[in-house]
A.B. asks: 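Have a look at the structure that comes next, please.
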Amino acid sequence: MRKIQEIGPIKIIFGKFPVYPYCNTLLIKNARTLLVDPACEEKALRAEVAKEKIDFLFNTHYHPDHIRFNNLFDGVEFLAHKEDAPCFRSLDSMAEWVGVKGTEYEKAWRASMVEFFGFRERSKITEVEDGTTLNLGKITIRFMHLPGHTPGHTGFFIPELKILFLADMELSATGPWYHNQRASIEQIILSVEKIRKMPADYYIPSHGQEIFTGNIGPRLDRYLENIYSREEKILQTLAVPHTLDELTSLSLISGFKLPRNQVWFLFERNMVRKHLDRLLAQRKVSRVGGKYQRED
Ligand SMILES: [Zn+2]
């Protein structure tokens with residue numbers, strides 16, 4: 001049995017362990033019913049959700065651990081942010097945005113998206129953007145664009161209940177993640193500040209077993225601190241010159257020790273490269289040939 005928590009008309013079905021590839025699913029029942037990211041676990045979805053009449057299906061972004069069981073809800077009106085919509089329309093676009101296109105990882109990645117995650121290209125998408133509202137009856141979903149993790153990554157605010165759904169701005173000790181080619185550290189920092197301004201009483205993340213209440217400030221600060229401490233770790237390591245691949249092999253960000261032939265090696269490399277770009281722009285690091293070195 002999955003852990004379930006209810007706040008008014010919102011049912012939160014917490015994702016199965018290990019965290020990947022599952023996420024927390026939201027079922028919001030009002031005059032009309034909204035289902036968000038059906039990827040908590042197939043059994044729980046069949047038990048808790050399949051019997052409901054769902055009016056809208058919303059994916060916060062295109063990642064496989066959020067879209068995994070979409071196919072159980074075929075025919076339901078599908079919503080996603082307009083900036084992530086190309087990845088729902090075409091696996092080719094997703095390959096490019098993720099960063100696997102044209103790499104040694106592409107073939108295996110495509111096969112797992114289709115066979116394991118059940119990805120199917122969609123032609124009908126109701127596109128939302130920052131501030132788009134969806135009236136469910138007595139409550140309103142106000143979509144909130146929180147870009148950076150992906151370009152169209154989107155949560156929402158429910159003003160009547162002061163609930164903010166954070167999606168993958170999950171404020172965990174191990175995040176944030178900017179492992180896709182089109183991810184952006186700068187956008188994530190801006191999204192954190194956008195969350196800070198919201199007058200919410202409840203903050204629901206897409207991962208983890210906890211709903212946050214009270215002052216969210218210290219948690220946001222820690223999340224940002226994770227970014228800066230990763231950057232500092234890279235800078236310290238570059239006292240000795242390293243290539244991008246050498247830095248990637250150290251797993252300074254994800255901490256996973258993964259062989260080069262696995263796609264998470266590419267994801268770690270994407271994250272390291274984003275930090276190197278920032279450090280180069282700040283002139284804290286220089287590049288000679290293929291090696292990066294700290295500037296003293
Ligand atoms: Zn994600």
Side-chain angles (χ1 to χ4, degrees), residues 12-26 35-41 57-70 78-88 91 93-100 105 109 112-113 116-119 125 128 143-156 164-192 194-195 203-210 223-224 226-227 230 253-256 258 262-271 274:
I12 302 121
I13 311 169
F14 289 88
K16 191 180 168 183
F17 287 115
V19 169
Y20 192 86
Y22 303 97
C23 76
N24 300 334
T25 294
L26 270 54
L35 176 64
V36 182
D37 286 352
C40 54
E41 181 201 27
L57 168 62
F58 169 61
N59 278 157
T60 54
H61 60 304
Y62 57 80
H63 282 161
D65 55 331
H66 293 251
I67 68 173
R68 188 164 175 193
F69 302 113
N70 274 356
F78 177 77
L79 287 74
H81 191 275
K82 63 174 184 177
E83 288 194 40
D84 273 9
C87 296
F88 290 103
L91 190 59
S93 296
M94 204 197 292
E96 193 183 321
W97 293 31
V98 166
V100 293
Y105 309 100
W109 176 86
S112 92
M113 285 304 297
F116 185 73
F117 292 105
F119 178 82
I125 300 172
V128 305
F143 290 101
M144 189 172 166
H145 189 205
L146 297 168
H149 181 65
T150 68
H153 177 265
T154 294
F156 52 77
L164 182 61
F165 175 54
L166 301 165
D168 260 1
M169 292 292 290
E170 28 72 280
L171 308 184
S172 75
T174 53
W177 297 92
Y178 27 91
H179 54 290
N180 282 186
Q181 180 140 319
R182 295 254 181 130
S184 159
I185 295 175
E186 286 70 26
Q187 291 287 333
I188 286 178
I189 293 169
L190 293 174
S191 290
V192 166
K194 206 166 162 182
I195 292 167
Y203 301 83
I204 305 175
S206 276
H207 297 282
Q209 302 286 300
E210 193 188 345
Y223 205 55
L224 289 178
N226 286 352
I227 298 175
R230 290 164 178 177
I253 297 180
S254 67
F256 315 145
L258 281 170
Q262 289 199 15
V263 74
W264 274 95
F265 184 88
L266 173 77
F267 292 162
E268 171 83 14
R269 188 164 61 195
N270 282 342
M271 291 196 282
K274 285 176 204 302

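For ligands, and for the atoms within them, numbers begin at 1 and follow the listed sequence.
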A.B. asks: Suppose we only count N/O/S atoms under 2.8 Å; would D65 qualify as near the Zn ion (ligand 1)?
C.D. replies: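 Here the distance criterion (N, O or S atom, under 2.8 Å) is not met by D65, so no.
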A.B. asks: Check all N, O or S atoms of D168 and name the one closest to the Zn ion (ligand 1).
C.D. replies: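 This turns out to be OD2.
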A.B. asks: Short check: any N/O/S atom of H149 below 2.8 Å from the Zn ion (ligand 1)?
C.D. replies: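 Yes, within the cut-off.
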A.B. asks: Do H63 and H149 have a side chain donor and acceptor closer than 3.5 Å?
C.D. replies: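 Short answer, yes.
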A.B. asks: Pick one: which of W177, F265, F267 meets side chain to side chain contact (heavy atoms under 4.5 Å, CB included) with S254?
C.D. replies: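 The residue from W177, F265, F267 that satisfies side chain to side chain contact (heavy atoms under 4.5 Å, CB included) with S254 turns out to be W177.
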A.B. asks: Side chains of F116 and P64: closer than 4.5 Å at any heavy-atom pair?
C.D. replies: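 The answer is no, as the side chains (C-beta and beyond) never meet within the 4.5 Å cut-off.
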A.B. asks: So, H61 and the Zn ion (ligand 1): N/O/S under 2.8 Å, yes or no?
C.D. replies: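 Within the cut-off used here (under 2.8 Å), H61 does place an N, O or S atom near the Zn ion (ligand 1).
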A.B. asks: Restricting to N/O/S, name the atom of H63 that gets closest to the Zn ion (ligand 1).
C.D. replies: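 So the atom name we want here is ND1.
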A.B. asks: Using distance alone, with no hydrogens and no angle criterion, decide if N59 and D37 have a side-chain donor and acceptor under 3.5 Å apart.
C.D. replies: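 Note: N59 and D37 side chains meet the donor-acceptor criterion.
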A.B. asks: Side chains of H61 and D168: donor-acceptor distance under 3.5 Å anywhere?
C.D. replies: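 Yes, a side-chain donor-acceptor pair sits under 3.5 Å.
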